[in-house]
Number of protein chains: 2
Amino acid sequence: MAYDKMAYDKYAHEPFAVTADLAVLTIRDGVLHVLLVERGQEPYQGHWALPGGFVQPDESAETAARRELAEETGLSDVSGLHLEQLRTYSEPDRDPRMRVVTVAFTALLPHPPEPHGGSDAAQARWVPYDTVGPLAFDHDRILADAHERVGAKLEYSSLATAFCPPEFTLGELQHVYEVVWGTALDRPNFRRKVLATPGFVEAVPGAARLTGGRGKPATLYRAGAATTLHPPLLRPTPEGRPA
Amino acid sequence: MAYDKMAYDKYAHEPFAVTADLAVLTIRDGVLHVLLVERGQEPYQGHWALPGGFVQPDESAETAARRELAEETGLSDVSGLHLEQLRTYSEPDRDPRMRVVTVAFTALLPHPPEPHGGSDAAQARWVPYDTVGPLAFDHDRILADAHERVGAKLEYSSLATAFCPPEFTLGELQHVYEVVWGTALDRPNFRRKVLATPGFVEAVPGAARLTGGRGKPATLYRAGAATTLHPPLLRPTPEGRPA
DNA sequence: CCTCTTTATAGTCGTACTGACTATTAAGGG
DNA sequence: CCCTTAATAGTCAGTACGACTATAAAGAGG
């Protein structure tokens, strides 16, 4: 759409900038990691931040998020991965430069590529979630919201498979839950529950995997057709929450 | 924040307008209703649309939504009611005038006031959800998303009480679930489930209500302190969904 | 080669929750 | 006074789930 200043002034009077920011989560070495970039320019130059950037005139926020993700991670095929809108942050003073509204997204990656610094970023890096220090802007809050949302969605959706490679073992799938929730789960019960949920996973017709691991080789599974889990796979009650 | 055109041109190059739109839901005469306005100006003049408007320079989208809601409904106190961000719609062509990104909100009202036409609206009206025809812009989709979200949140949150007046009977609460989900629920089982969930509702120390109704008077309840329901109150499986 | 460790998988048992019912109580209407 | 309506109480069987024990199949180390 062409920029029609007359139409703009007639209705809106004051311009906003719109950005798309991403909380990209993955599991590396059994630990939850998030993709961060070091800002190469003011404001917050030298601070770590979530990757993201301005939405272009011909893009939706989703498209912009996917483009930024490809640019920051060097990932060639970002079409298939899980990208989900988190929420929009629009506090008037969240960016010192001007009025910036950001649409935040959550992305989940199975086997993460090594990122490289992009145009606006001095460098990009996978950072263990627990060691993330204060971030630029309100990105701490965005990241916390993303973590909370992902944790909640694991309960009633098949989202956990988005952290896994195309073929995975039930042990790997369970590990996703344990890492995101920060709790240990009973292995036989987890297995029973997952297999009793139709469409969650399906066994790969081939054989068991033997790669490297000690112990009995595990059966390989693929993500099934189901997107929602009925009944849900609830977190163990952390506090005085009733059973 | 003052409009700094130099900063704007340096970073963003092209202005966006940001609006806040509202899917305001309530239950009237036992039927789910949504608040709609008839547009008083182009584009879509004469078409029905969700209430909403431009976010002002000193407002967050949440603040703008609350202000618009007060203006369109004539509701004096909108501070206490349930307002929740739904998602943001940013397709480049969703508004024929110019580039408009809208942050959509869902609001739930117990006893709805009669709305009145506002500044931009020829008139405002409560419309039964099932009779909503094609709306302006992409508001059909926003409304459908809102309905779906509310239905899902009823399962694992105490959101249903937001549809009810401060004091309500379990029959009224059950009616909220039935109207939003479009399914009938077993009354004794619903009662048992709600009362077994600590913090969902609490009995009002006073007496039972006798007002108008035929049948045995019901005990009055208030919303409890809990916001999430553990375990959730799941919808009856509509299709071939496994128990 | 034998044993220990590790991981996957199989199965058991008792409790809690749920869906489908039936029964009783307390109002109002004719 | 009986019928209808709505709230509330209770029953019962199937299922799900947490906690647990047992077995199987691999590698590591002697």
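Letters go in sequence order (proteins before strands), and every chain restarts at 1. As a basis for the values below, the full set of heavy atoms in this structure was taken, side chains included, without hydrogen atoms, waters or symmetry mates.
- At whole-Å resolution of the value, CG in B:L233 and P in C:dC17 are 13 Å apart.
- Between the CG atom of A:L185 and the P atom of C:dT7 there is a distance of 16 Å, rounded to whole Å.
- We find that CG of B:D186 is positioned 11 Å from P of C:dT22, with the value rounded to whole Å.
- Of the candidate nucleotides C:dC21, C:dT18, D:dC20, C:dT18 has the atom lying nearest to any side-chain atom of B:P231.
- For the pair A:R235 CZ and D:dG18 C1', the interatomic distance rounds to 18 Å; values are reported in whole Å.
- Between the base of D:dG10 and the side chain of B:R192 there is no donor-acceptor pair shorter than 3.5 Å.
- Heavy atoms only, all atoms of each residue included: B:L229 and B:F200 are closest at CD2-CE2, 4.0 Å.
- Residues A:E91 and A:F137 fail the side-chain proximity criterion, which asks for heavy atoms closer than 4.5 Å.
- The separation between A:H230 atom NE2 and D:dT15 atom P is 19 Å, rounded to whole Å.
- Summarising the geometry, the separation between CZ on B:F190 and P on C:dC17 is reported as 17 Å, rounded to the nearest angstrom.
- For A:Y221 and B:G215, each mapped to the nucleotide of DNA chain C holding its nearest heavy atom, the one lying further toward the 5' end belongs to A:Y221.
- Rounded to whole Å, the distance from CG on B:L220 to P on D:dT8 is 10 Å.
- Side-chain atoms of A:Y89 and A:D145 include a donor-acceptor pair closer than 3.5 Å.
- In terms of phosphate contacts, B:K193 brings no side-chain nitrogen or oxygen within less than 4.0 Å of OP1 or OP2 of C:dC17.
- In terms of phosphate contacts, A:R191 brings no side-chain nitrogen or oxygen within less than 4.0 Å of OP1 or OP2 of C:dA8.
- Closest to the side chain of A:N189, from the set C:dT25, C:dG11, D:dA19, is D:dA19.
- Contact annotation: A:R214 side-chain N/O to D:dA26 OP1/OP2 distance is not under 4.0 Å.
- In the model, B:Y129 has a side-chain atom that pairs as donor or acceptor with a side-chain atom of B:H147 under 3.5 Å.
- Remark: the A:S158 side chain and the A:T161 side chain contain no N/O donor-acceptor pair separated by less than 3.5 Å.
- For the pair B:T219 and D:dA7, the criterion of a side-chain N or O lying under 4.0 Å from OP1 or OP2 is not met.
- Counting to the nearest Å, the C1' atom of D:dA25 and the CZ atom of A:R187 are 14 Å from each other.
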